[in-house]
Amino acid sequence: MWEIPEDVPLFNMALVYKVCDMPIPTVKSWFQRKHVHLSEDDGRSPSQGLPNRLTLRSVLVLAVTSELVRLGTLPADAFKAANFWMRSGVVEGQVGALARREAGGLFPSPYLTYLTMGTDPADKGEWPCRIFAVNPQGKFAHSELYNALFHRGRVSAKIVLLNMIDARVRHMCHLAVLGDRAPPEPDWEVVAAQMLRDLPPESIDEGAA
């Protein structure tokens, strides 16, 4: 399939509203109140503080931001966490990292990539969130997810499967660019079930990205 360039401003705000699946005034207010901001590659608009065109990277960040907001995170904190994923990667040889992950990318198959946030700002430390890899069929998968959700004995309850957001956003962006030539939209519940089921037994725990 044709790959969408990540840093070319191709997408308008109408697509952003659809991707975020939030009320249009809510998303507009994030920009106007500076809870979120443009990247240097986005196209500027002279009015209302809104971009006129956004890159694929920016659309992905806003999609993750909206998902965290749905889970109860303040918009500014959600944007910081989403932007951390987009700007931070894991290079080969980094201490505690057993697989490479590009900035804004996912861990390679068979690993699923999760973003988690705690409830206590004091727990954030150097990072606004944690990015980690889990093979759901691996022998350590349950303990890795448990440790992420119950950090220091407190329930995080803010965990996002980045693979699903990445797949959904890229599909919607393909539709926006290719129209009828784009592949049909899949059943996302089936996609998620397959991600969580059809993997060989193995596991990684990256720690903080």
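Values below: every heavy atom of this structure, side chains too, minus hydrogens, waters and symmetry copies.
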- Matching residue for Val64 among Val69, Leu162, Asp166 - test: side chain to side chain contact (heavy atoms under 4.5 Å, CB included): Leu162
- Message: Treating Thr73 as the side-chain partner and Leu68 as the backbone partner, does any N or O pair qualify as donor plus acceptor under 3.5 Å?
- Response: yes
- Query: Are Met22 and Met172 connected, step by step, through hydrophobic side chains (Ile, Leu, Val, Met, Phe, Trp, Tyr) whose heavy atoms are closer than 4.5 Å?
  - Reply: yes
- Message: Quick one: does any side-chain atom of Arg70 pair with a main-chain N or O of Asp21 as donor and acceptor, under 3.5 Å?
- Response: yes
- Message: I'd like to check Pro9 versus Thr55 (side-chain heavy atoms, cut-off strictly below 4.5 Å). Are they in contact?
- Response: yes
- Message: Ignoring hydrogens, what is the shortest heavy-atom contact between Phe107 and Thr113? Give both atom names and the distance.
- Response: N-OG1, 2.8 Å
- Query: To the nearest 0.5 Å, what is the distance between OG1 (Thr65) and CG (Asn83)?
  - Reply: 8.0 Å
- Would you say Leu71 and Trp30 are hydrophobically clustered, going by side-chain heavy atoms of ILVMFWY under 4.5 Å? yes
- Taking His174 for its side chain and Arg170 for its backbone only, find out whether a donor-acceptor pair lies under 3.5 Å. yes
- Query: Does the side chain of Ile24 reach to within under 4.5 Å of the side chain of Met13, using non-hydrogen atoms?
  - Reply: no
- Not counting sequence neighbours, which residues clear ring pair (Phe, Tyr, Trp, His ring centres under 6.0 Å) with Phe11? List them please. none
- Message: Any side-chain to backbone donor/acceptor pair from Asp41 onto Val8? Under 3.5 Å, distance only.
- Response: no
- Message: For Phe132 and Tyr114, take the angle between the two ring planes, folded into 0 to 90°, and tell me which bin it lands in: parallel under 30, tilted 30 to 60, perpendicular over 60.
- Response: parallel
- Task: State, yes or no, whether a side-chain contact exists between Leu60 and Arg57 at a heavy-atom distance under 4.5 Å.
- Result: no
- Heavy atoms only: give me the nearest Cys129-Ala81 pair and the separation to one decimal. SG-O, 3.6 Å
- Item | Main-chain N/O of Gly105 paired to Trp85 side chain as donor or acceptor, under 3.5 Å | yes
- Message: For the CG atom of Asp7 and the CD1 atom of Ile4, what is their distance to the nearest 0.5 Å?
- Response: 12.5 Å
- Message: Hydrophobic clustering (ILVMFWY, side-chain heavy atoms < 4.5 Å, transitive) - are Leu38 and Val27 grouped together?
- Response: yes
- Message: So Val19 and Leu62, do their side chains get closer than 4.5 Å, heavy atoms only?
- Response: no
- Message: Starting from Val16, can I reach Leu175 by hopping between I/L/V/M/F/W/Y residues whose side chains sit under 4.5 Å apart?
- Response: no
- Query: Who are the side chain to side chain donor-acceptor pair (under 3.5 Å) partners of Arg168, not counting sequence neighbours?
  - Reply: none
- Query: In terms of hydrophobic clustering (I, L, V, M, F, W, Y; side-chain heavy atoms under 4.5 Å; direct or indirect links), are Met86 and Phe31 co-clustered?
  - Reply: yes
- Query: Side chains of Leu56 and Val169: closer than 4.5 Å at any heavy-atom pair?
  - Reply: yes
- Can you find a heavy atom in the side chain of Leu106 that is under 4.5 Å from one in the side chain of Arg101? no
- Message: Which residues pass the salt bridge (charged side-chain N to carboxylate O under 4.0 Å, His left out) test with Arg33, not counting sequence neighbours?
- Response: none
- Message: Distance check, rounded to the nearest 0.5 Å: Leu161 atom CG versus Leu115 atom CG?
- Response: 10.5 Å
- Do the side chains of Cys173 and Leu15 get nearer than 4.5 Å, heavy atoms only? yes
- Query: When you look at Asn12 and Arg53, which way does the side-chain contact (heavy atoms from CB on, under 4.5 Å) test go after all the steps?
  - Reply: CA-CA 5 Å; Asn12 59 26; Arg53 292 282 171 175; 4.1 Å; yes
